[in-house]
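Computed from heavy atoms alone, side chains included, the values below leave out hydrogens, waters and symmetry copies. These numbers come from a predicted model, not from an experiment.
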Amino acid sequence: MSGLQLMDKRTGEVTFDGVPVRRGLPCPICAHLHARPSWCVIDTARGLVICPRVDGGGKRIGAAGWLHALDGRTLTAAAVPALRRQPEPMPDFGARWERARNAATPADGERLAKTLGLPAEAVRAILGGVEGETWVFPMFASCGTVCGLKTRAPDGAKLCARGSRLGLMLCQGYDPDLPDLWITEGESDLMAAAGIWRLNAVARPGCTSCVEQLKSVGRRKDVVILSDSDAPGMAGARTLRDALLPTARSVTLLPPPSKDVRAWAIAGATRSDVLWRLKSRRGY
């Protein structure tokens with residue numbers, strides 16, 4: 001565990017700068033109660049401890065625990081300045097992404113394609129890279145910078161790299177100047193939409209994310225939302241549709257006749273099938 005630094009919201013002054021306890025630096029609040037150190041942090045210079053095991057009867061610091069004074073004082077909310085975490089600098093996701101992209105090999109793409117049940121060209125159609133055996137996909141902010149990385153482990157676990165901001169995932173041939181925009185949920189659905197059906201598509205990392213960014217990207221375009229077919233996916237897609245309607249030229253909600261877009265592609269859907277379904281649902 002790393003240290004914890006807190007600061008006063010009003011003045012910006014650092015009010016707690018703690019380090020994790022360890023056997024050589026035990027927690028003075030709970031060490032006598034437990035054989036093993038907990039997630040306590042101690043600021044010896046200020047005489048303060050944050051302990052998650054013992055209720056100090058005063059100031060609570062979120063999920064980190066209770067704030068204690070080493071001199072035995074009870075620290076009430078009125079007696080202690082409001083604290084907050086000092087914001088961490090944003091990692092250089094652009095450089096990390098470049099390394100991951102350069103590390104990817106055709107064999108990596110074939111392995112991921114086999115795992116997803118998609119052709120290898122579908123994997124190659126979107127921006128991706130590897131870190132060891134973990135795939136990483138860049139997320140882009142409105143300004144075009146890489147604002148985060150979405151990771152996909154060999155066991156299928158999907159996470160965002162620490163410090164990431166949510167942004168859009170793009171296909172290799174994405175053209176922001178085309179009059180149409182297709183929106184999917186997640187990287188594997190984007191692989192199907194862009195790599196198999198050759199659609200001008202972007203993906204958001206979740207069914208409720210990036211609404212404001214998509215409003216900007218979809219302005220004055222014919223937008224098609226390829227949602228998941230489950231209840232959360234449909235609810236998120238309807239919310240996005242309502243947000244896009246005032247500024248887009250048209251918005252069509254197009255849930256697939258399968259669990260999601262990837263499953264529809266695996267079932268054999270072609271570009272013609274997708275466009276025919278769109279034609280029958282325009283204005284839905």
Donor-acceptor pair, [X] side chain versus [Y] backbone, under 3.5 Å?
X: R22; Y: G24; value: no
X: R271; Y: W197; value: yes
X: T115; Y: R111; value: yes
X: N200; Y: D175; value: yes

Over all atoms of both residues, closest heavy-atom pair of [X] and [Y]:
X: M234; Y: P255; value: SD-CB, 3.6 Å
X: W97; Y: V136; value: CZ3-O, 4.3 Å
X: P52; Y: A64; value: CB-O, 3.4 Å
X: M139; Y: C160; value: CE-SG, 3.9 Å
X: L67; Y: I61; value: CB-CG1, 4.2 Å
X: T15; Y: R46; value: O-CD, 3.2 Å

Would you indicate whether the side-chain heavy atoms of [Y] and [X] approach each other to under 4.5 Å?
X: F140; Y: V146; result: yes
X: T252; Y: I225; result: no
X: F137; Y: L149; result: no
X: P205; Y: E185; result: no
X: W182; Y: L254; result: yes
X: C147; Y: F93; result: no
X: R277; Y: P257; result: yes
X: I42; Y: L25; result: yes

For a side-chain contact (heavy atoms from CB on, under 4.5 Å) check, start with the C-alpha distance between V217 and L168, then their side-chain angles and the critical distance, and finish with the verdict.
CA-CA 10 Å; V217 173; L168 298 180; 4.0 Å; yes

State whether R96 and E131 are salt-bridged, where the test is any N-O pair (Lys NZ or Arg NE/NH1/NH2 against Asp/Glu carboxylate O) under 4.0 Å.
yes

Run the salt-bridge test on D189 and R262 with the 4.0 Å N-O cut-off and return the result as yes or no.
no

With rounding to the nearest 0.5 angstrom, report the [atom1] to [atom2] distance, [X] to [Y].
X: L127; Y: R101; atom1: CG; atom2: CZ; answer: 7.0 Å
X: I126; Y: Y174; atom1: CD1; atom2: OH; answer: 15.0 Å
X: W264; Y: S229; atom1: CH2; atom2: OG; answer: 9.0 Å
X: R198; Y: E121; atom1: CZ; atom2: CD; answer: 11.0 Å
X: D108; Y: E133; atom1: CG; atom2: CD; answer: 9.0 Å
X: L181; Y: L214; atom1: CG; atom2: CG; answer: 7.0 Å

Kindly state each residue pair satisfying salt bridge (charged side-chain N to carboxylate O under 4.0 Å, His left out) with at least one member in residues 147-158, sequence neighbours excluded.
K150-E187, R152-E187

If two hydrophobic side chains count as joined below 4.5 Å and joins carry through other members, does L166 share a cluster with L159?
no

Are L170 and L178 connected in a single hydrophobic cluster, I mean Ile/Leu/Val/Met/Phe/Trp/Tyr linked by side-chain heavy atoms less than 4.5 Å apart?
no

Under a plain distance cut-off of 3.5 Å, with no hydrogens placed, do T239 and D242 share a side-chain donor-acceptor pair?
no

Could you give me the CA-CA distance, side-chain angles and deciding distance for L33 and V54, then say whether side-chain contact (heavy atoms from CB on, under 4.5 Å) is met?
CA-CA 10 Å; L33 301 174; V54 178; 4.0 Å; yes

Pair V202-C171, side-chain contact (heavy atoms from CB on, under 4.5 Å): steps then yes or no
CA-CA 7 Å; V202 300; C171 62; over 6 Å; no

side-chain contact (heavy atoms from CB on, under 4.5 Å) between V223 and D180: does it pass, once the steps are laid out?
CA-CA 6 Å; V223 180; D180 64 307; over 6 Å; no

